[in-house]
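First comes the structure, then the notes that go with it.
Numbering of residues begins at 1 and proceeds along the displayed sequence. Just so we're clear, the structure is a prediction, and the values are computed from it rather than from any experiment.
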Amino acid sequence: MKNLIAKTAIISFLVFFQSNLLLAQNATDSSAAMNAAAIDSMDISNIEDSLALDELADLDSELEPIESTGFHKGLKTKFIEGNAGFMSLVALILVLGLAFCIERIIYLTLSEINAKKLMADIEALIMDGNIEGAKDICRETRGPVASICYQGLVRIDESIDDIERSITSYGSVQSANLEKGCSWITLFIAMAPSLGFLGTVIGMVMAFEQIQMAGDISPTIVAAGMKVALITTIFGIISALVLQIFYNYILSKIEHLTSQMEESAISLLDTIMKYKLTR
């Protein structure tokens, strides 16, 4: 009985060991197969990647480099496409308008001074009785404010009414000098979009003439005339907007100088009145 049990145990152990050995061998074989498949897939992917890189290199070599178009080149192209004749007129109007604007801005900037300091110095000299010194300060100072004060000091021995009339008259002359050339700027502001609209009308006429010659309506035939019309209109409106901005800036400086002239004239008359009362 014991021998039967021992034989049964030995046989069971041998069967278990053999089954484990077979399972381990199968696992080894499957892992080896998986590794081989992975290696094969890696080789295939590497080959595909290398082929893709080769194709991209060939494609890059076939493509030509694209040059970037600068702003001035694009502007030049649009200028030519918009019919050089009308575009030249719009450009001429813009240049002339900017020339007048720059001249006015320089003149008005040089005419601006510290009016409060000037009037304080003049008042101090007048109250001290140094009229000639006050005249010298006015002569040495630029701008319309000093010129008005000088005209008032020249007639300081006359009545207040005569001095006031003299200052008012000379102030009108100085105001006209400040606004000199502004009428030309307004003319250029009106002409720039008008020339653009004229180019629009002519572009439309060109488009209809091309339709008549071709005997057919197609976008290709109409595109050239319409392009001229739109480009000239755009450039005319842009030119007018640029000039309008400068013109408004000039008007603001003229208003500032005019207010300085009025305040200085009132202050000078008050000072002269005090001086006459203390004599």
Item to check | Under 3.5 Å side-chain donor-acceptor pair for Ser267 and Asp270 | outcome: no
Checklist entry - Looking just at side-chain N and O atoms, do Tyr170 and Gln174 make a donor-acceptor pair shorter than 3.5 Å? => result yes
Next on the checklist: The criterion is ring pair (Phe, Tyr, Trp, His ring centres under 6.0 Å); which residues satisfy it with Tyr150, sequence neighbours excluded?
Outcome noted: none
As an exercise, state the distance from [atom1] of [X] to [atom2] of [Y], rounded to the nearest 0.5 Å.
X      : Y      : atom1 : atom2 : answer
Leu94  : Ile238 : CG    : CD1   : 10.0 Å
Leu125 : Tyr275 : CG    : OH    : 12.0 Å
Leu96  : Met191 : CG    : CE    : 9.0 Å

Next on the checklist: Checking Gln151 now: which residues fulfil side chain to side chain donor-acceptor pair (under 3.5 Å) with it, not counting sequence neighbours?
Outcome noted: Arg155
Checklist entry - Looking at residues at least two apart in the chain, or sitting in another chain, which of them share a side chain to side chain donor-acceptor pair (under 3.5 Å) with Thr109? => result none
Which heavy atom of [X] sits nearest to which heavy atom of [Y], and what is that distance?
X      : Y      : value
Leu243 : Gly97  : CD2-C, 3.5 Å
Lys276 : Glu158 : NZ-O, 3.0 Å
Ile167 : Ala265 : CG2-CB, 3.6 Å
Ala192 : Ala240 : CB-N, 3.9 Å
Met261 : Leu178 : SD-CD1, 4.0 Å
Ile126 : Ala134 : CG1-CB, 4.2 Å

Item to check | same_hphob_cluster(Ile160, Met119) at 4.5 Å side-chain heavy-atom cutoff | outcome: yes
Checklist entry - Linking I/L/V/M/F/W/Y whenever any side-chain heavy atoms sit under 4.5 Å apart, do Ile106 and Leu257 land together? => result no
Checklist entry - What do the steps show when you test Ser239 against Ile93 for side chain to side chain contact (heavy atoms under 4.5 Å, CB included), and what is the final call? => result CA-CA 8 Å; Ser239 300; Ile93 292 298; 6.0 Å; no
Next on the checklist: salt bridge (charged side-chain N to carboxylate O under 4.0 Å, His left out), that's the test. Do Lys117 and Asp121 meet it? Break it down for me.
Outcome noted: CA-CA 6 Å; Lys117 182 178 182 303; Asp121 295 338; 3.3 Å; yes
Checklist entry - Going through the checks in order, is the side chain to side chain contact (heavy atoms under 4.5 Å, CB included) test met by Ile250 and Cys182? => result CA-CA 9 Å; Ile250 290 169; Cys182 291; 4.1 Å; yes
Checklist entry - Is any side-chain heavy atom of Asn114 less than 4.5 Å from a side-chain heavy atom of Lys116? => result yes
Checklist entry - Considering residues at least two apart in sequence or located in another chain, which fulfil the side chain to side chain contact (heavy atoms under 4.5 Å, CB included) criterion with Thr141? => result Ile113, Leu118, Ile137, Ala146
Next on the checklist: Tell me every residue that passes side chain to side chain contact (heavy atoms under 4.5 Å, CB included) with Phe100, counting only those two or more places apart in sequence or in another chain.
Outcome noted: Trp184, Ile185, Phe188
Item to check | Polar side-chain atom of Arg142 near backbone of Leu110 as donor-acceptor pair, under 3.5 Å | outcome: yes
Next on the checklist: Donor-acceptor pair, distance only, cut-off 3.5 Å: does the side chain of Ser259 make one with the backbone of His256?
Outcome noted: yes
Next on the checklist: Please determine whether the number of non-hydrogen atoms from other residues, nucleotides or ligands lying under 6.0 Å from atom CZ of Phe246 exceeds 12.
Outcome noted: no
Checklist entry - Quick check: are there more than 12 heavy atoms from other residues, nucleotides or ligands sitting under 6.0 Å from CE of Met273? => result no
Checklist entry - Could you walk me through whether Phe235 and Leu195 pass the side chain to side chain contact (heavy atoms under 4.5 Å, CB included) check? => result CA-CA 9 Å; Phe235 272 80; Leu195 287 174; over 6 Å; no
Checklist entry - Which residues, ordered by chain and number, are linked to Ile266 in its hydrophobic cluster, where ILVMFWY side chains connect at heavy-atom gaps below 4.5 Å, directly or through other members? => result none
